[in-house]
2 protein chains.
Amino acid sequence: LQQERMEAFRELFLDLHPADQAEVFLELDEERAVVYEFLSPEEFAEVFDSFEPEVQKEVALQLNDQYAAEVYNNMYADDVADFLGELEPRQMTHILQAMDQEDANDVRELLAYEDKTAGAIMTKEFVSIKATDTIDEVIDHLRREGPDAETIYYLYVVDEEEKLAGVASIRDLIVADSDRTVSEVMSSRVVSVHVEDDQEEVAQLIQKYDFLATPVIDSEGRLAGIVTVDDALDVLAEEASEDIGEISGSRGSTDVSVNAFKAARLRAPWIILLMFLGLFTAQVIGWFESTLESVVLLAAFIPMIMGSAGNTGTQSLAVSVRALATGNIERKGLWRTISREFSTGIMIGVASGIVITILLYLFYGEPLIGVIVGFSIMISLGMASVIGTLVPLVINKLKLDPAIASGPFITTLTDIISLLIYFTVASSLIQSI
Amino acid sequence: LQQERMEAFRELFLDLHPADQAEVFLELDEERAVVYEFLSPEEFAEVFDSFEPEVQKEVALQLNDQYAAEVYNNMYADDVADFLGELEPRQMTHILQAMDQEDANDVRELLAYEDKTAGAIMTKEFVSIKATDTIDEVIDHLRREGPDAETIYYLYVVDEEEKLAGVASIRDLIVADSDRTVSEVMSSRVVSVHVEDDQEEVAQLIQKYDFLATPVIDSEGRLAGIVTVDDALDVLAEEASEDIGEISGSRGSTDVSVNAFKAARLRAPWIILLMFLGLFTAQVIGWFESTLESVVLLAAFIPMIMGSAGNTGTQSLAVSVRALATGNIERKGLWRTISREFSTGIMIGVASGIVITILLYLFYGEPLIGVIVGFSIMISLGMASVIGTLVPLVINKLKLDPAIASGPFITTLTDIISLLIYFTVASSLIQSI
C-alpha cells in the first residue's frame with residue numbers, strides 16, 4: 001500500500017514545475033516527512049531551490065544530515081551559497097563538511113565574494129569549450145555535460161590559461177556546418193563583468209544587451225563563472241524593493257512575510273529618530289512666537305506649507321534614487337539632473353504660489369496673508385526639490401548607507417526649512433508694512 | 001576615398017554590439033546622414049531597435065521613406081509596434097503602408113491588443129514545430145528559420161489547428177538521439193499566458209519559473225506569440241518605476257530625460273490639489289482655536305505629530321503597493337496583510353508614545369503635555385498604518401487609477417486625521433483635569 005501511494009504521489013508531484021512543487025509542499029504540515037521519504041535528494045533539491053531563504057532554513061532543520069547533504073550536492077553552487085549566507089557560521093561549516101568536497105569548494109569560493117557582487121551571485125555550472133574544438137565535438141560535449149549546466153545557450157571559449165577568448169551561442173553552432181571549428185563561429189568581442197562588480201550593474205548590463213547570461217572574470221582574467229538572466233531578474237526586483245524602502249523609510253520590511261514585530265523593530269527607530277528631529281520644528285515655531293501672536297492666522301497654514309514642501313521633496317527624491325539605480329545619472333550628468341529638478345521645483349512653486357495667493361484672498365479677503373503664504377510656497381518648493389535631489393546623490397558619493405536618504409528624512413528636513421522660510425517671509429513682510 | 005572610409009567605418013562599427021552602436025550613433029550630429037549611407041537598412045535596424053522611443057521618433061524623421069520602410073521590415077514586429085504606438089495615427093498608417101504586407105500585418109495585429117497586455121508585448125517571431133517531426137528535421141528547420149526568430153531556445157509544438165500542444169528546449173533536442181520524434185522529448189505541460197493577461201503577471205510568471213520565454217495563446221487556444229525574458233526584464237523595470245512614482249506622487253516624471261517643464265506639468269496638479277486638501281488642515285486647526293488658546297504650547301507639536309503619522313502611513317503604503325506588484329497579497333491574504341500593518345503601526349506607536357512622553361516631561365517638566373502628545377501619537381500611528389495599507393488595496397479593488405493612492409495623498413489624509421486625534425485627545429484631557 002505504502003509503495004502504491006508513493007508511486008501515485010511521485011507521478012502527480014514530479015509532473016509539476018519545481019516552483020509549483022514548492023507551493024504544494026508548503027501547504028503540507030506533518031506530511032512533509034513523507035515527501036522526504038518519497039523523493040530522492042536529487043528530486044527534492046529542485047523543490048528546495050524554489051523556496052524563499054526563510055523557508056529553506058526551516059525545512060533544512062527537518063532533514064536528516066545525510067539527506068540534506070545530498071540535496072545541497074544536487075543544487076547549483078550559487079543557490080547553496082545564497083542559502084548558507086543566511087545561516088550562522090557554525091551551521092554553515094557543518095553543512096559544507098557534509099557535502100561533496102568538489103561541490104563544497106565551489107560554494108566556499110562563492111561565499112568568499114562580498115555580498116551583492118557579481119562573484120556572489122554568479123553560478124559555477126557553465127559550459128566552457130576550446131576554440132579548436134569542432135562543432136561536432138562541442139555537441140558531443142553538451143550531450144554529456146549539458147544536463148548539469150545552468151545554461152547551455154551560451155558557450156564560453158577559453159584558452160589554455162582558462163582566460164576568456166570568445167563566446168558562441170547554440171544558435172551559432174546549429175546554423176553552422178558541423179565540421180567547422182568553434183573559432184570560425186565564435187565572437188571574440190565578449191562583454192564580461194568582474195567578480196567584484198556590483199550586482200545591480202551586472203543586471204543593468206544584461207538588460208541593456210538583452211543577454212541570457214554574462215561571463216564573470218576574476219582579477220587574473222580567468223573565467224570564474226556566469227550570471228544568468230534569471231539572476232538579473234531577481235536582482236532588479238530586489239533593488240526595486242530597496243529603492244521603495246529607501247523612499248518610504250521602510251527598508252527591509254516591505255515584504256509582507258516579515259512578521260509585525262520584526263517590521264516594527266525595523267521601522268520604529270526611524271520614526272522615533274524623526275520624532276526627535278520633529279522637536280526642532282517645535283523649536284522653530286517657538287522662535288517666532290511673537291510673529292505668530294501678532295497674526296494668529298499664520299499658524300493655520302503651517303501644515304499646508306510643510307506638506308507641499310515635503311511632497312515636492314519626495315518627488316525629487318524618487319527621481320534621484322531612480323536615476324542612481326538605473327545608471328541614468330552618469331548618462332545625463334549630475335548637474336543636468338539637479339538643475340532640471342530645481343527648475344521643476346521652481347515652476348511648481350510659481351504655479352502653486354499664484355493659485356494659493358488668489359485663493360486665500362478670495363477666502364479670507366486679506367491680500368497680505370495670501371502673499372506671505374504664496375511667496376513662502378514658491379521658495380520652499382524650489383528649495384525642497386534641490387534637497388530631495390541632492391541628499392541621495394551626496395550620500396551616494398560619500399559611500400554612506402543610502403538608508404539615511406530615505407523619504408521621511410527628506411520630509412523632516414524640508415519641514416524645518418520651509419518653516420524657517422515661512423516665518424522669515426512673514427515677519428519681514430509684516431514689519432515692512 | 002569615400003569607399004575606403006566606408007569600409008573602415010563599417011569594420012569598426014559593425015564589430016560593436018547594437019546597444020553600443022546606438023550609443024556611438026547618438027554622439028554624432030550631421031555625420032548621421034553618412035551612417036545611413038554606409039549601413040544597409042538591415043544593419044541599421046539593429047541600431048534603431050536599441051534607441052529609446054523618443055530617439056526613434058527623432059531619427060525616423062531623418063530617414064527617407066524607402067530606407068525607413070526597409071528598416072522596419074527588418075525589425076521584430078513587437079519592436080515596430082512599440083515604436084508606432086508612440087506616433088500619431090496618420091504617421092502610423094503611412095509607415096504601415098510602406099512596409100512589406102506580411103510584416104505590416106504582424107505589426108497591425110500587435111497594435112490591436114490593449115496596451116500593457118501580453119498581446120501587446122509579445123513577439124511574433126517564434127519557432128513552432130510539429131510533434132511528429134524528427135529531431136533531425138527540427139534542426140534542419142532551425143538552420144533555415146533560426147536567424148529570423150527572436151529565440152530558438154524554446155520550440156513550441158503545435159497541432160494542425162495551431163493549438164499549443166507542448167514545448168521542447170534546444171537542450172532536450174541536443175541531449176536526445178537525432179532520429180527520435182519531437183513527441184518523445186517534448187513536455188506536454190506548458191505554462192502559457194493569454195493575450196489579454198496583464199504584462200506584470202506575465203513578467204512575474206517568467207521570474208517565478210525562471211523561463212527564457214513563455215507562449216501566449218489567443219481566445220481560441222492558438223499560439224499567438226511568445227514573450228521573451230528580456231521583455232520581462234523591461235516590464236519589471238517599468239513597473240518598479242511606476243510603483244515609485246505612485247509612492248512619491250511623481251508618476252511619469254521620475255525619468256531624468258523628461259524635461260523640467262513636462263515634469264512640472266505632470267507633478268504640479270498633484271501638489272496644487274494637495275494644497276487644496278491642506279486647507280482642510282487649516283480648517284481643523286481653526287475648529288480647535290479655543291483649545292489652542294488655552295494651551296499655546298500645543299501648536300508647537302502639530303508638525304511632529306503630523307510628520308510621524310505621515311511617515312508611518314508612507315511605510316505602510318510602500319508595503320501595500322509592493323505586495324500588490326509582486327502578487328504577495330494573494331499569497332498572504334488581504335486580512336493578514338492589513339492586520340500585520342495595523343499591529344506594526346500600533347507597536348511603533350506605543351514605542352514612540354512612551355519615548356516622547358518621557359522626553360517632553362524631561363524637557364518641559366509638564367506631565368500633561370507629554371501624555372497628550374504621547375497618547376495622540378500612539379493612536380495616530382495605528383490609524384496611519386491602516387490608512388496607508390488600505391487605500392491602495394481599496395483603489396485596486398475598485399479598479400480605479402492607482403495614481404490617486406500616491407504617497408502625498410496618504411500623507412494629507414493622515415495629516416487631517418492625526419490633527420483631529422491630537423486636538424480631541426488634548427481638549428478632552430484638558431477638560432477632564
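A note on names: the letters A, B, ... follow the listed sequences, proteins ahead of strands, and every chain is numbered from 1.
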Open item on the list: With a 4.5 angstrom heavy-atom cut-off, is it the side chain or the backbone of F211(B) that approaches chain A, or both, or neither?
Closed with: side chain
Task: Pairing residues for L273(B) by the side-chain contact (heavy atoms from CB on, under 4.5 Å) criterion, not counting sequence neighbours - done: W270(B)
Task: L212(B), part contacting chain A, at a heavy-atom distance under 4.5 Å - done: side chain
Open item on the list: Using a strict threshold of under 4.0 Å (side-chain N to carboxylate O), is an ion pair present between D20(B) and K208(A)?
Closed with: yes
Task: Greatest number of heavy atom pairs closer than 4.5 Å to chain A - which of Q207(B), M306(B), M275(B) - done: M275(B)
Open item on the list: Under a 3.5 Å cutoff, is there a donor and acceptor pairing between the side chains of S169(A) and D172(A)?
Closed with: yes
TODO: Let me know if A203(B) has heavy atoms under 4.5 Å from chain A in its side chain, its backbone, both or neither.
DONE: neither
Open item on the list: I'd like to know which of F301(B), F342(B), F261(B) tops the heavy-atom pair count under 4.5 Å against chain A.
Closed with: F261(B)
TODO: Hey, can you tell me if Y153(A) and Y153(B) have their rings parallel, tilted or perpendicular (30° and 60° cut-offs)?
DONE: tilted
- [ ] Determine, for R336(B) against E341(B), whether the closest basic-nitrogen to carboxylate-oxygen distance falls under 4.0 angstrom.
- [x] no
Task: Pairwise side-chain contact, V319(B) with T389(B), heavy-atom cut-off 4.5 Å (strictly under) - done: no
Task: Segment of L277(B) engaging chain A (4.5 angstrom heavy-atom cut-off) - done: neither
TODO: Considering only heavy atoms and a distance below 4.5 Å, find which of I139(A), T312(A), D415(A), D231(A) pairs most often with chain B.
DONE: T312(A)
- [ ] Using non-hydrogen atoms and a 4.5 Å limit, figure out which bit of A299(B) sits close to chain A: side chain, backbone, both or neither.
- [x] backbone
Open item on the list: Any non-hydrogen side-chain atom of L279(B) less than 4.5 Å from a side-chain atom of Q283(B)?
Closed with: no
Open item on the list: I'd like to know which of I174(A), L16(A), L236(A) tops the heavy-atom pair count under 4.5 Å against chain B.
Closed with: I174(A)
Task: Side chain to side chain, L298(B) and F288(B), heavy atoms closer than 4.5 Å - done: no
Open item on the list: Taking side chain as everything from C-beta outward and backbone as N, CA, C, O, which of these in F276(B) sits under 4.5 Å from a heavy atom of chain A? Side chain, backbone, both or neither.
Closed with: side chain
- [ ] Return the option, out of L359(A), I302(A), L233(A), with the maximum number of heavy-atom pairs under 4.5 Å with chain B.
- [x] L233(A)
Open item on the list: Counting heavy-atom pairs under 4.5 Å with chain B, which one of I285(A), I346(A), N311(A) comes out on top?
Closed with: N311(A)
- [ ] Determine the option with the most heavy-atom pairs under 4.5 angstrom with chain B, choosing from D234(A), L360(A), D15(A), I305(A).
- [x] D15(A)
